[in-house]
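The structure appears right after this line, and notes come after that.
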Amino acid sequence: MVLFDFSDKELHEIWDIEDKYFQFNYNEYKTFGSRLKKWRELAGYTQREIAEYLYDSYEELGKTPSKIDSIQRKYLSWESNDQEIKNILLSMTDLYLLKKLIGCDYEFLFCEINTLHKNTNELVDYTGLNNTSIETLLSLSDINLFDFDDELSMLALTKQIVISRIATDEKLLLYLSYFLTTLESDKEDQVIYVDIPCVTKNELDVKRSTLKYNDLMDVHLFTIVNLLSKIKDSFADMDPSFDMSNLIKHDSLCSADSPLGSRIKSWRDLKGITQKKAAEMLCEAAKELHSEQPSFESVMRTLQNWESKKSADDEVRIHIGDLMLLKHIMGCDYAYLFGNINCLYIPFSTPQKYTGLTKEALNSIYKYAHPTDTDPAYYRYFLQVLDMLIGDEELLFELALYLVGSPAAVDYADSDILKPSKLQMSLIRTKINKDYSDNLYTDDECNILLPLICKRLIMHRNETQKIKDIIEKHNVNAGIF
């Protein structure tokens, strides 16, 4: 049965793959401890696993860690802490590692936002993509922004390029959307068949004539993977001017290993502000933000203590409220205070900069989200296809490896089936049905198969079938036919 006779609400249920981790909103969790605990539960981690992560991370940073049991007790105390957020006292290292583990903005840890990243809701509204896709894209941008020299950041950048290429390939999205939304029918009389010219084995591109097929027999997959192969071929000729301007390597105020005190002093030197003036500014900010009036002498001593610690090995314990005050008076991002960046703030102001996608990709996504009356009716499915691709970490990983020609990518297998001889279509001649039939299989294209990628796509199609069955069962029980 095809899905074109479902309402938009039912289609939303079918396509909206439940993702409690990314879709969850933390607006009810206003303390550091409750938010940390809820995140851990959604992520499926135990307290012991987080303690082991912190232990390993301390070692990687060249610090001598406590025993894992001791770290676990410390983490438990964090989750049990229901103090007002400004009064939470932790080391800068621990906050840095928690941010890295969660993959969030510091504002999330400090309960200033209720999503993992600051711009999630705005980007969801702009692009039409779901929370999972936007949070994934923002996390990828975080990785190649803060750690561009490591292997993980290169993979993140590759994923961004892959998403951009697929988002701009309407033909690939056409076949993907058809494959994922057109389900097999139990009743033959519910569909008609449109004759499609067959492509024989001899008509395959010579370069692909030796490719093998494993045993996945859905004919629609062959064309999908052939289109993916064309994107792969285009990577060899990729424009070297691909926009990487979101990687911040300019306007540095300090070195990468500069501790908090050095970063404050660098800001003071830049602005021509004395320690006394900075202390006065902190006092005023405390009154404005926290309704407190600390003594000037105590603030001055605290500031001097921070600036006296000039080595990265000097541990700094700090109240989250003090970090809020520093960010306020310095006009900087938290990322500068923690050493994630070496300039005061991240100069991002556009969806392109935030997501790491190309301008062309975002223009295409915006077009799919805001179709005109003359655009194909299946545009509304393209966004859900992109949500599926971006939200499936394993599929996106396999696509990234394959499209960049990684030796780790799965080998091809052989196929004798190339294109369907008939195309299944609904008896109801809707506009979307007509648009599909007018554009599917219009060229004599060869087809090849990538087993792991196709298995993931088949998995998603089967999940769609399960959800469809649930909806149909509900409709029968409710007397809706």
Side-chain angles (χ1 to χ4, degrees), residues 17-83 85 88-118 120 130-147 150-153 155-156 159 317 320 334-335 338 340 390-397 456:
I17 300 170
E18 184 178 11
D19 188 331
K20 293 181 180 179
Y21 182 85
F22 281 121
Q23 302 286 356
F24 191 80
N25 189 291
Y26 290 80
N27 58 336
E28 296 181 6
Y29 297 83
K30 295 297 187 183
T31 65
F32 180 81
S34 65
R35 180 162 291 201
L36 200 58
K37 181 180 180 180
K38 187 61 181 179
W39 167 81
R40 178 179 59 79
E41 291 171 348
L42 288 171
Y45 290 124
T46 64
Q47 291 178 340
R48 184 71 175 186
E49 288 171 332
I50 292 182
E52 291 170 350
Y53 158 79
L54 291 171
Y55 181 92
D56 293 339
S57 299
Y58 293 143
E59 286 193 326
E60 290 176 6
L61 293 174
K63 299 181 181 294
T64 303
S66 305
K67 293 182 178 180
I68 292 180
D69 288 342
S70 176
I71 296 174
Q72 185 172 347
R73 287 193 294 272
K74 177 173 70 170
Y75 178 79
L76 176 60
S77 72
W78 295 345
E79 286 197 359
S80 305
N81 196 328
D82 60 358
Q83 286 181 291
I85 189 68
I88 300 293
L89 178 66
L90 270 80
S91 73
M92 295 283 287
T93 300
D94 285 335
L95 289 169
Y96 172 88
L97 293 177
L98 284 174
K99 184 244 192 254
K100 187 174 182 180
L101 170 65
I102 297 173
C104 64
D105 289 335
Y106 288 106
E107 285 83 354
F108 171 78
L109 281 177
F110 302 162
C111 300
E112 295 179 2
I113 56 176
N114 297 320
T115 53
L116 295 180
H117 292 90
K118 290 178 288 188
T120 299
N130 65 22
N131 280 46
T132 301
S133 296
I134 295 302
E135 293 286 11
T136 300
L137 290 170
L138 292 173
S139 295
L140 292 175
S141 291
D142 276 355
I143 292 171
N144 67 35
L145 170 65
F146 299 142
D147 304 297
D150 64 23
E151 183 177 346
L152 183 62
S153 65
L155 178 59
K159 288 180 178 179
R317 288 175 59 80
I320 290 177
Y334 287 121
F338 282 90
N340 297 109
I390 299 170
D392 187 336
E393 184 176 354
E394 184 175 339
L395 176 58
L396 189 55
F397 176 74
R456 298 298 296 183

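All of these numbers come straight from a predicted model, not from anything done at the bench.
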The criterion is side chain to side chain contact (heavy atoms under 4.5 Å, CB included); which residues satisfy it with [X], sequence neighbours excluded?
X	value
D82	none
S66	S70, I71
D392	E394, L395, R456, M459, H460

Exercise for review: Would you indicate whether K38, at its atom NZ, is surrounded by more than 12 heavy atoms from other residues, nucleotides or ligands within a distance under 6.0 Å?
Suggested key: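 Atom NZ in K38 is crowded, with more than 12 foreign heavy atoms closer than 6.0 Å.
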Closest approach of [X] and [Y], non-hydrogen atoms and distance?
X	Y	value
I320	I85	CB-O, 3.5 Å
L97	L54	CB-CD2, 4.0 Å
T132	T136	O-OG1, 2.7 Å
K159	F397	CE-CA, 4.2 Å
N130	S133	OD1-N, 2.9 Å

Only distances under 3.5 Å count here; give the side-chain donor-acceptor pairs of residues 104-118 to other protein atoms, sequence neighbours excluded, each with its distance to 0.1 Å.
| residue | atom | partner | partner atom | Å |
| --- | --- | --- | --- | --- |
| D105 | OD2 | K118 | N | 2.8 |
| Y106 | OH | N340 | OD1 | 2.6 |
| E112 | OE2 | Y334 | OH | 2.6 |
| N114 | OD1 | R35 | NH2 | 3.0 |
| T115 | OG1 | H117 | O | 2.7 |
| H117 | ND1 | E135 | OE1 | 2.5 |
| H117 | NE2 | G103 | O | 3.3 |
| H117 | NE2 | D142 | OD2 | 3.0 |

**Study point:** Counterpart residues, ring pair (Phe, Tyr, Trp, His ring centres under 6.0 Å), relative to Y75 (two or more places apart)
**Key:**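 For Y75, the residues satisfying ring pair (Phe, Tyr, Trp, His ring centres under 6.0 Å) (neighbours in sequence not counted) are W78.
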Check your understanding: Excluding sequence neighbours, so at least two apart, what forms ring pair (Phe, Tyr, Trp, His ring centres under 6.0 Å) with Y29?
Key ->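 With sequence neighbours excluded, Y29 shows a ring pair (Phe, Tyr, Trp, His ring centres under 6.0 Å) to F24, given in chain and number order.
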Is any side-chain heavy atom of [X] closer than 4.5 Å to a side-chain heavy atom of [Y]?
X	Y	value
D94	Y58	yes
F338	K99	no
L36	I102	yes
Y26	L42	yes

Practice item. Quick one: pull up CD in Q47 and NZ in K37 and give me the separation to the nearest 0.5 Å. Key: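 One finds 8.0 Å between CD of Q47 and NZ of K37.
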**Study point:** Separation of Y45 OH from E52 CD (nearest 0.5 Å)
**Key:**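 One gets 12.0 Å once the value is rounded to the nearest 0.5 Å.
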Review point. Are R48 and D69 ion-paired here, with the side-chain N under 4.0 Å from a carboxylate O?
Key: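 A salt bridge is present here (some side-chain N lies under 4.0 Å from a carboxylate O).
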Check your understanding: Does the distance from a Lys or Arg side-chain N to an Asp or Glu carboxylate O, for E79 and R40, drop under 4.0 Å?
Key ->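 A salt bridge is present here (some side-chain N lies under 4.0 Å from a carboxylate O).
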Exercise for review: Assess whether side chain to side chain contact (heavy atoms under 4.5 Å, CB included) is satisfied between N81 and T31, documenting all intermediate values.
Suggested key: CA-CA 8 Å; N81 196 328; T31 65; over 6 Å; no
**Study point:** Backbone N/O of S77 and side chain of S80: donor-acceptor pair under 3.5 Å
**Key:**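 Absent.
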